2 protein chains.
Amino acid sequence: MKYSHKLSDGVHILAYVDIYQDADLSSGAIAASIEANPSLVRRLMAQLVKAGLLTSQPGAAAPALARPAAEISLLDVYQALEGNKELLHIDEKTNPQCIVGGNIQASLNVAYAQVQQAAEAQMAAISLQGIISDILQREAAKH
Amino acid sequence: MKYSHKLSDGVHILAYVDIYQDADLSSGAIAASIEANPSLVRRLMAQLVKAGLLTSQPGAAAPALARPAAEISLLDVYQALEGNKELLHIDEKTNPQCIVGGNIQASLNVAYAQVQQAAEAQMAAISLQGIISDILQREAAKH
DNA sequence: AATCCTGTTACAATAAATGTTGCAAGTTAC
DNA sequence: GTAACTTGCAACATTTATTGTAACAGGATT
């Protein structure tokens with residue numbers, strides 16, 4: 001399959017809404033920045049709204065962060081857009097009559113959960129505010 | 001795309017080789033345990049051999065772990081089969097003329113590298129021996 | 001010599017992602 | 001109040017990384 005960049009695009013949307021809050025915040029404008037199409041942006045925004053990270057108004061291009069960027073973590077965005085999607089994936093079709101095939105799924109589930117937890121702890125430690133500040137610093141450094 | 005279970009299948013192969021070392025270790029026998037096809041198993045085994053985790057002999061069904069299972073980590077297997085594949089993926093096509101689009105790739109690269117490192121540290125802490133022991137314990141608990 | 005095996009390649013099929021299109025319904029400006 | 005925008009949602013097409021399948025040269029075993 002293709003690799004997902006929902007998380008990247010989701011962060012992009014939230015950062016855009018924060019940085020350009022006094023400019024055009026239509027899905028078309030944001031899509032131009034992501035170089036994606038407005039429909040995808042609206043799909044992602046709908047998920048961010050549902051997860052309580054963003055507010056929006058039907059009919060009006062007026063999205064806003066639902067809470068301060070410092071209180072939104074990368075993990076919040078990940079879970080909003082990817083749900084409980086695991087980073088690593090079990091092979092769910094193994095031969096149950098084999099010692100290995102019959103038990104490895106359970107064993108790997110434990111191991112993968114540990115990896116997932118480590119990754120999520122790190123994602124929780126990264127805030128949207130940190131990313132926005134980094135973006136603005138990089139922009140300032142260009143001039 | 002499909003989700004990759006190369007890592008799961010790779011661990012499966014290594015565990016199988018260790019547990020069934022006195023039985024049939026042909027790619028067909030291992031494939032039957034994974035419920036995959038022998039060609040896939042041979043492809044994965046070739047990568048494990050190249051990475052120095054497994055030994056094999058052309059023409060003879062005689063694979064063996066290249067070093068003790070306690071000295072093979074989940075990270076070793078991951079890197080053998082997935083190379084340097086990142087768990088999270090940047091959107092590489094953003095508008096460089098936008099403050100967000102022009103800088104977010106670099107910002108997210110840093111953030112994602114931190115997440116990757118946390119996940120890899122956890123993978124490094126999980127040994128093949130640990131997984132094999134867990135498999136054998138689960139099997140024993142069935143009776 | 002016959003039969004199995006590995007190692008490798010090329011191509012087909014599958015599945016999860018994004019792209020595209022269309023439209024009902026809300027909002028704003030005039 | 002109507003024209004021109006917007007969001008929100010759904011259906012379908014396209015893309016692409018994966019696994020599946022088939023074929024075959026060459027080594028190993030009996």
Side-chain angles (χ1 to χ4, degrees), chain A residues 1-10 12-13 16-17 23-51 54-64 78 80-94, chain B residues 1-10 12-13 16-17 23-51 54-64 78 80-94:
Chain A
M1 71 183 172
K2 289 181 183 172
Y3 292 137
S4 171
H5 17 80
K6 281 184 213 167
L7 176 59
S8 299
D9 292 346
H12 194 135
I13 290 168
Y16 194 99
V17 167
D24 181 6
L25 292 183
S26 68
S27 62
I30 300 176
S33 173
I34 300 184
E35 290 188 354
N37 56 75
S39 184
L40 170 66
V41 172
R42 291 201 291 274
R43 251 184 296 189
L44 293 175
M45 288 179 80
Q47 290 184 266
L48 294 170
V49 168
K50 197 174 297 177
L54 193 70
T55 60
S56 71
Q57 269 188 297
Y78 181 82
L81 299 179
E82 305 278 16
N84 284 334
K85 195 178 89 176
E86 301 282 333
L87 294 167
L88 298 173
H89 298 274
I90 300 284
D91 185 344
E92 301 188 1
K93 199 191 63 163
T94 59
Chain B
M1 75 185 170
K2 291 179 182 172
Y3 292 137
S4 172
H5 20 79
K6 282 184 213 168
L7 176 59
S8 299
D9 291 346
H12 194 135
I13 290 169
Y16 194 97
V17 167
D24 181 5
L25 293 183
S26 67
S27 61
I30 300 175
S33 173
I34 300 184
E35 291 189 353
N37 56 76
S39 184
L40 169 67
V41 173
R42 292 201 291 274
R43 254 184 296 190
L44 293 175
M45 289 178 80
Q47 289 184 268
L48 294 171
V49 168
K50 198 174 295 177
L54 193 70
T55 59
S56 71
Q57 269 188 298
Y78 182 82
L81 299 179
E82 305 277 16
N84 284 335
K85 195 177 89 177
E86 301 283 332
L87 293 168
L88 298 174
H89 299 274
I90 300 284
D91 185 344
E92 302 188 1
K93 200 190 63 161
T94 60

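A note on names: the letters A, B, ... follow the listed sequences, proteins ahead of strands, and every chain is numbered from 1. On a predicted model such as this, the values are computed, not experimentally measured, just so you know.
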[X] [atom1] to [N] [atom2], straight-line distance once rounded to whole Å:
X	N	atom1	atom2	result
A:Glu92	C:dA15	CD	C1'	14 Å
A:Glu35	C:dT20	CD	C1'	17 Å
B:Leu40	C:dA10	CG	P	18 Å
B:Leu25	C:dC5	CG	P	12 Å

> Taking only residues at least two apart or on different chains, which pairs with a member in residues 82-92 of chain B satisfy side-chain hydrogen bond (donor to acceptor under 3.5 Å, both in side chains)?
Replying inline: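 Qualifying pairs, neighbours excluded: B:Ser4-B:Glu82, B:Glu82-B:Lys85.
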>> Restricting to ring-ring contact (aromatic ring centres under 6.0 Å, His included), what partner residues turn up for A:Tyr78, sequence neighbours left out?
In response: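 Scan of A:Tyr78 (ring-ring contact (aromatic ring centres under 6.0 Å, His included), adjacent residues dropped) gives none.
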[atom2] on [Y] to [atom1] on [X], rounded to 0.5 Å:
X	Y	atom1	atom2	value
B:Leu48	B:Arg43	CG	CZ	13.5 Å
A:His5	A:Leu44	NE2	CG	11.0 Å
A:Leu81	A:Met45	CG	CE	11.5 Å

> What pairs with A:Arg42 under side-chain hydrogen bond (donor to acceptor under 3.5 Å, both in side chains), at least two apart in sequence or on another chain?
Replying inline: A:Ser27
> A:Asp24: what forms a side-chain hydrogen bond (donor to acceptor under 3.5 Å, both in side chains) with it, not counting sequence neighbours?
Replying inline: A:Ser26
Scan the side chains in residues 29-37 of chain A for donor-acceptor partners under 3.5 Å anywhere in the protein, sequence neighbours excluded, and list what turns up.
| residue | atom | partner | partner atom | Å |
| --- | --- | --- | --- | --- |
| A:Ser33 | OG | A:His12 | NE2 | 2.7 |
| A:Asn37 | OD1 | A:Ser39 | N | 3.4 |
| A:Asn37 | OD1 | A:Leu40 | N | 3.0 |

> Could you give the start and end, 5' to 3', of the contact zone on DNA chain D for chain B, using atoms under 4.0 Å from its heavy atoms?
Replying inline: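 The footprint of chain B covers D:dA17 to D:dA28.
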> Which atoms form the tightest heavy-atom contact between A:Ala62 and A:Gln57, and what is the distance?
Replying inline: CB-OE1, 3.9 Å
>> Measuring to OP1 and OP2 of C:dA17, would you say a side-chain N or O of A:Lys85 lies under 4.0 angstrom away?
In response: yes
>> Please tell me if B:Ser27 has a side-chain N or O lying less than 4.0 Å from either OP1 or OP2 of C:dT6.
In response: yes
>> For a 4.5 angstrom cut-off between non-hydrogen side-chain atoms, does A:Leu88 reach B:Leu87?
In response: yes
> Which parts of residues 2-10 of chain A get close to DNA chain C, meaning a heavy atom less than 4.0 angstrom away?
Replying inline: A:Lys2, A:Ser4, A:His5, A:Lys6
> Taking for each residue the nucleotide of DNA chain C with the nearest heavy atom, is it A:Ala36 or B:Met45 whose nucleotide lies nearer the 5' end?
Replying inline: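 It is B:Met45, whose closest nucleotide lies nearer the 5' terminus.
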> For every nucleotide of nucleotides 21-30 of chain C, 5' to 3': is a protein heavy atom under 4.0 Å from its base (B), only from its sugar-phosphate (S), or from neither (-)?
Replying inline: BB---BS---
